[in-house]
Amino acid sequence: MKIATWNVNSLTARWPRVEDFLSTRDVDVVLVQETKQTDAKFPFQQLEALGYESAHHGQGQWNGVAIFSRVGLTDVVRGLYDDEEARFIGATCGDLRVFSCYVPNGRSLDNPHYAFKLRWLDELRRYLRDEASGAPVVVGGDFNVAPADLDVYDPHVFEGATHVSEPERERLRAIEALGYFDATRHAHPDDPCFSWWDYRNGSFRRGWGLRIDLLFCSNDLQPRLVDSWIDRDTRKGEKPSDHAPVFVELA
DNA sequence: ATGTCCCAACTTTTGGGA
């Protein structure tokens, strides 16, 4: 069973790449972020033609999360708490409970959006603690947090910036403390495994990346972990997203 | 350090967000 998380940066703009991805990657479940679409625009029929059931928590200009599955899709939940931004969707796919998360960016440490980000991560932890027990769980998404300095191409550049601050990293550790592991880092303890490169400055060519797209698996999945990897080829070519898909394969 | 992309709109150019 192969599960991917991918921030597509507009499903409308990315549709040709998404079609190509689904046709060539043999992926069972895709956790999608930043659809930037209303539910009315979401391509349910086109996805069905490609063999995927889908569920969307759409908004419009911003945010929007979705799940595509070819192994069943039931018991959909939308929204973490009473916020108005579409950043969280969950479903049961096969024998897994899966969640697609688009964590707020934070913008800068002194911006109110940073406090919102920390609160959102607190709410995610609360949800996983109180409402996600039972089946094995995969929580994936664009976390907008690089868990450690290994996940940053040059930590010096990010001193005093969001995505690397201790309060953000502490919240990821608090999620792990509930009984989850970071699949990509677990499979590759020493490789940076960047998943995002800024469109500007030729960052992809220069290797200026961050690992901020993460797949947290409940500890009961550890014996089933085959591998976890970054699909860097999908960051290349015509009109790519600025994020690469991140995969985990489970036996 | 800012070389791009995507969206909306008082839309053919600008501003906000990432």
Side-chain angles (χ1 to χ4, degrees), chain A residues 5-21 31-43 46 56-66 83-89 100-121 124 140-147 149 151-165 167-169 171-172 192 194-214 230-246:
Chain A
T5 180
W6 188 16
N7 180 325
V8 295
N9 183 19
S10 169
L11 192 54
T12 311
R14 214 63 56 214
W15 182 249
R17 297 299 303 258
V18 172
E19 267 191 313
D20 178 70
F21 176 78
L31 309 173
V32 178
Q33 301 87 39
E34 284 209 89
T35 62
K36 298 186 177 179
Q37 280 181 344
T38 58
D39 291 337
K41 278 200 69 179
F42 188 81
Q46 295 92 317
H56 187 221
H57 184 28
Q59 187 177 329
Q61 181 179 5
W62 307 115
N63 310 312
V65 284
D83 66 357
E84 289 153 22
E85 302 194 357
R87 296 178 176 275
F88 184 79
I89 188 168
S100 175
C101 304
Y102 179 45
V103 176
N105 176 288
R107 298 176 191 166
S108 62
L109 300 189
D110 58 358
N111 191 299
H113 204 253
Y114 176 74
F116 172 52
K117 180 182 197 175
L118 297 182
R119 187 168 63 109
W120 201 94
L121 287 165
L124 176 61
D142 175 1
F143 280 77
N144 274 312
V145 181
D149 281 354
D151 306 305
V152 182
Y153 71 93
D154 182 356
H156 181 72
V157 170
F158 284 83
E159 276 173 27
T162 182
H163 292 56
V164 303
S165 73
E168 295 165 76
R169 289 175 166 175
R171 279 160 175 82
L172 296 190
F194 299 147
S195 65
W196 173 84
W197 298 261
D198 201 312
Y199 282 124
R200 298 168 290 188
N201 310 318
S203 294
F204 184 63
R205 178 175 53 79
R206 294 164 121 147
W208 292 356
L210 302 178
R211 190 175 73 93
I212 55 177
D213 299 275
L214 310 173
I230 313 298
D231 179 10
R232 292 184 82 259
D233 284 348
T234 294
R235 180 61 177 77
K236 304 173 184 172
E238 283 287 301
K239 283 184 59 117
S241 170
D242 45 353
H243 295 254
V246 181

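Chain identifiers are assigned alphabetically (A, B, ...) following the order of the sequence lines, protein sequences preceding nucleic acid strands; residue numbering begins at 1 within each chain.
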C1' atom, B/dG16 versus B/dT11: distance in rounded Å?
-> 16 Å
From A/Ser100 OG over to A/Asp142 CG, what is the distance, rounded to the nearest 0.5 angstrom?
-> 9.5 Å
Using whole Å, report how far CZ of A/Arg205 lies from P of B/dT4.
-> 12 Å
Round to a whole Å and report the spacing from CZ of A/Arg200 to C1' of B/dA18.
-> 8 Å
With the side chain defined as heavy atoms from C-beta on, A/Ser10 is closest, among B/dA18, B/dC6, B/dT2, to B/dC6
Between A/Lys36 (NZ) and B/dC5 (P), how many Å, whole number?
-> 13 Å
Residues A/Tyr114 and A/Ser165: side-chain donor-acceptor under 3.5 angstrom = yes
With a 4.5 Å limit on heavy-atom distance, are the side chains of A/Leu11 and A/Phe42 in contact?
-> yes
Nearest-Å distance, NE2 (A/His163) to C1' (B/dA18)?
-> 8 Å
Which sits closer to the 5' end of DNA chain B, A/His243 or A/Pro240, going by the nucleotide each is nearest to?
-> A/Pro240
Nearest-Å distance once atom P is located in both B/dG3 and B/dA8 = 25 Å
Closest nucleotide of DNA chain B for A/Pro104 versus for A/Gln61: which of these residues is on the 5' side?
-> A/Gln61
Should A/Arg107 be listed as having a side-chain N or O under 4.0 Å from OP1 or OP2 of B/dA18?
-> yes
Side chain of A/Ala13 (C-beta onward), nearest among B/dA1, B/dC6, B/dA18 | B/dC6
Separation of B/dG3 atom C1' from A/Phe204 atom CZ, nearest Å, is 17 Å
Check whether any side-chain heavy atom of A/Thr12 sits under 4.5 Å from a side-chain heavy atom of A/Lys36, and report yes or no.
-> no
Would you mind classifying the nucleic acid contact of A/Arg206 as base, sugar-phosphate or nothing, using non-hydrogen atoms under 4.0 angstrom?
-> base
If you take atom types as modelled and just measure distance, does the side chain of A/Asn105 reach the base of B/dA18 with a donor-acceptor pair under 3.5 Å?
-> no
Separation of the P atoms in B/dA1 and B/dG17, to the nearest angstrom | 24 Å
Determine the Euclidean distance between corresponding P atoms of B/dC10 and B/dC6; express it in Å to zero decimal places.
-> 23 Å
Figure out the CD/C1' separation between A/Gln59 and B/dG17, and round it to whole Å.
-> 13 Å
Are the side chains of A/Phe21 and A/Val8 in touch, meaning some heavy atoms are under 4.5 Å apart?
-> no
Do A/Asp242 and A/Asp198 come within less than 4.5 Å of each other through their side chains, counting heavy atoms only?
-> no
Nucleotide of B/dG16, B/dC7, B/dC6 approaching A/Asn9 most closely (side-chain heavy atoms) = B/dC6
Atom OH of A/Tyr199 and atom C1' of B/dG16: how far apart are they, to the nearest Å?
-> 16 Å
Which of B/dC6, B/dA18, B/dA8 is nearest the side chain of A/Lys239? It is B/dC6
Rounded to the nearest angstrom, tell me the gap between atom NE2 in A/His113 and atom C1' in B/dG17.
-> 9 Å
